[in-house]
2 protein chains.
Amino acid sequence: MSGPATHIVDDDAAVRDALQWLLKSRAVQSQAWGSAEDFLSFASRGLCGCLLLDVRMPGMSGIELFDRLRALGCRLPVIFLTGHGDVPMAVQALKDGAFDFIEKPYDDNALVDKVLAALEHDLKRCANEDSVLLVQQKLDQLTQREQEVMHLILAGKLNKVIADELGIAMRTVEVHRSHIFEKMQVRSAVELSQVLGLLRDKPSPES
Amino acid sequence: MSGPATHIVDDDAAVRDALQWLLKSRAVQSQAWGSAEDFLSFASRGLCGCLLLDVRMPGMSGIELFDRLRALGCRLPVIFLTGHGDVPMAVQALKDGAFDFIEKPYDDNALVDKVLAALEHDLKRCANEDSVLLVQQKLDQLTQREQEVMHLILAGKLNKVIADELGIAMRTVEVHRSHIFEKMQVRSAVELSQVLGLLRDKPSPES
DNA sequence: TCGACTATTGTGGATTTCCGCAGACACCTG
DNA sequence: CAGGTGTCTGCGGAAATCCACAATAGTCGA
């Protein structure tokens, strides 16, 4: 891992070189792969930056690589590059969550602009993903029982009610409650509910 | 207002008729306009359903109408229809929030599928928008002071602290607090924070 | 078997919240 | 001016939360 970078996947070495040269001239870090398979074996969920992806390649197509990456939980913004694109393909890619779709031959300035936009977009995404991951980690520290109690707290129920519903003493609920606050690093139920609010959307990938 | 419907805007009467006939044959309600201007004078924020929009029209283009509608706060899902579309145009439209982009001549079944998808999408959107509006209305009932206190409550502060910060008696804070809960129709700070969580995204349009 | 973790409960007290009752003052409107 | 609304305050009590101290018991892995 070496910070955010533009990841290029294209089977044509000349295209890869041209892109790397172009990006380097604009002070944008890049790294290139010659096939979808190569990139896939390298890719991980924690990648940051963006992905410049050729649609038509021998072996796995760019579209298929895109799908695989998404299935793996990789949310890197993807800019498709293609010399034979049509409107339906572009529309489908965008609807599936691609960041952009560019036809070859491309305009250098326009492409760089889109890459920069994708990189900026990914900065926020990464920051957000990090905080979500942090919350998730805290959540994982909770024991089974603590999670049950937490849900009831978030339902706005009083300790007394929670105790009744779980068939345990109020004191026990209080203990769980304080453990929950401690582990989640919050000081009130309100904060807890707000922290958990960050998990809305992205229930997160498996694997 | 007459429930969700597919709104068609196309300068070509033959296209309008064909679309209306097609949709009617699939039991989809529709309504048609001959120009962007006509629809714009009819459109309001509360519309539900979807919008089938021709890109190229005399006078205001479909794209411009789309922008205008978005500026007005209309979030109707828009499916663009065009006979002379290119990839960059489609990409831009999708990135600007269009729901779909279809080239003419279109395939009847494919178009209906997309319309149905848009209608279903809009059902959720409308429901969500309604609940957001409801919360907003409740929020508007709060007096200036009550809103201040509410923010401090949401910051997780104790009544005592709030009283100090506002330079007022704790009892006063308590009174405000109960008024807030009453007006917002919640029974705890946790519920309040969750209800307010719905307002994330969509700060909502003016007009 | 020992220690760590989890779940459980109790006592008692400090602190906070919640609420009814009561009243004050300012501003605005009919 | 009378009445409504918003802001502010006090008193006192019921209910709930928060917490330190203290203890029992089951599971699980070293």
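Sequence lines set the chain letters: A, B, ... in the order given, protein chains first and strands last, and positions in each chain run from 1.
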d(CD, B/Q147; C1', D/dT7) in whole Å: 15 Å
Would you please confirm or rule out a distance under 4.0 Å between OP1 or OP2 of C/dT16 and any side-chain N or O of B/K160? yes
How close or far is atom P of D/dT9 from atom CD1 of B/I162, stated in whole angstroms? 14 Å
Of all heavy-atom pairs between B/G49 and B/L76, which one has the smallest distance, and what is that distance? N-CD1, 3.7 Å
Check nucleotides 3-6 of chain D against the protein and report each pair of N or O atoms closer than 3.5 Å, with its distance, or say if there are none.
none

Disulfide bond (SG atoms under 2.5 Å apart): pairs with one or both residues in residues 147-185 of chain B, sequence neighbours excluded: none
Would you say A/H176 places a side-chain N or O within less than 4.0 Å of OP1 or OP2 belonging to C/dT6? no
Which salt bridge (charged side-chain N to carboxylate O under 4.0 Å, His left out) pairs, counting each pair once, include a residue from residues 136-148 of chain A, with sequence neighbours left out? A/R145-A/E148, A/E146-A/K183
B/A169, nearest nucleotide to its side chain (from D/dT17, D/dT9, D/dT7): D/dT9
Under 4.0 Å protein heavy-atom contact, by nucleotide of nucleotides 18-26 of chain C - B base, S sugar-phosphate only: BBBB-----
Can you tell me which residue pairs pass the side chain to side chain donor-acceptor pair (under 3.5 Å) test with a partner in residues 3-12 of chain A, sequence neighbours excluded? A/D10-A/K104
From the list B/V9, B/V15, B/I79, side chain to side chain contact (heavy atoms under 4.5 Å, CB included) partner of B/L52 resolves to B/I79
Can you pull the ring-ring contact (aromatic ring centres under 6.0 Å, His included) pairs that have at least one residue in residues 134-171 of chain A, sequence neighbours excluded? none
Just grab all the salt bridge (charged side-chain N to carboxylate O under 4.0 Å, His left out) pairs involving residues 16-42 of chain A, residues at least two apart or on different chains. none
Closest heavy-atom pair and its distance - A/A90, B/V91: CB-CG2, 4.2 Å
Can you pull the salt bridge (charged side-chain N to carboxylate O under 4.0 Å, His left out) pairs that have at least one residue in residues 152-170 of chain B, sequence neighbours excluded? B/K157-B/E165
Pairs flagged by side chain to side chain donor-acceptor pair (under 3.5 Å) wherever residues 88-100 of chain A is involved - sequence neighbours left out: A/Q92-A/D96, A/K95-B/D100, A/D100-A/K114, A/D100-B/K95
Axis bend over the full length of the helix from C/dT1-D/dA30 to C/dG30-D/dC1, computed from five pairs that close each end, to 10 degrees: 40°
Letter per nucleotide, 5' to 3', of nucleotides 24-30 of chain D [B base touched, S only sugar-phosphate touched, - untouched; heavy atoms, 4.0 Å]: -------
Side-chain ion pair, B/D67 and B/R70, N-O less than 4.0 Å: no
Nearest whole angstrom, please: distance from the P of D/dA16 to the NZ of A/K157. 15 Å
Round to a whole Å and report the spacing from CG of A/D140 to C1' of C/dT6. 17 Å
Round to a whole Å and report the spacing from CD of A/E182 to C1' of D/dA20. 14 Å
Can B/E174 and B/R171 be counted as an ion pair, charged N to O under 4.0 angstrom? yes
Take the protein atom CG of A/L158 and the nucleotide atom P of D/dA14, then report the distance between them rounded to whole Å. 18 Å
Does B/T172 put a side-chain nitrogen or oxygen below 4.0 Å from OP1 or OP2 of D/dT7? no
Calculate the interatomic distance between B/L152 atom CG and C/dT17 atom P; express it in whole Å. 13 Å
When every non-hydrogen atom of B/F101 is compared with those of B/A93, the smallest separation belongs to CD1-CB, 3.9 Å
Tell me, which pairs form a ring-ring contact (aromatic ring centres under 6.0 Å, His included) where one or both residues lie in residues 48-74 of chain B, sequence neighbours left out? B/F66-B/F80
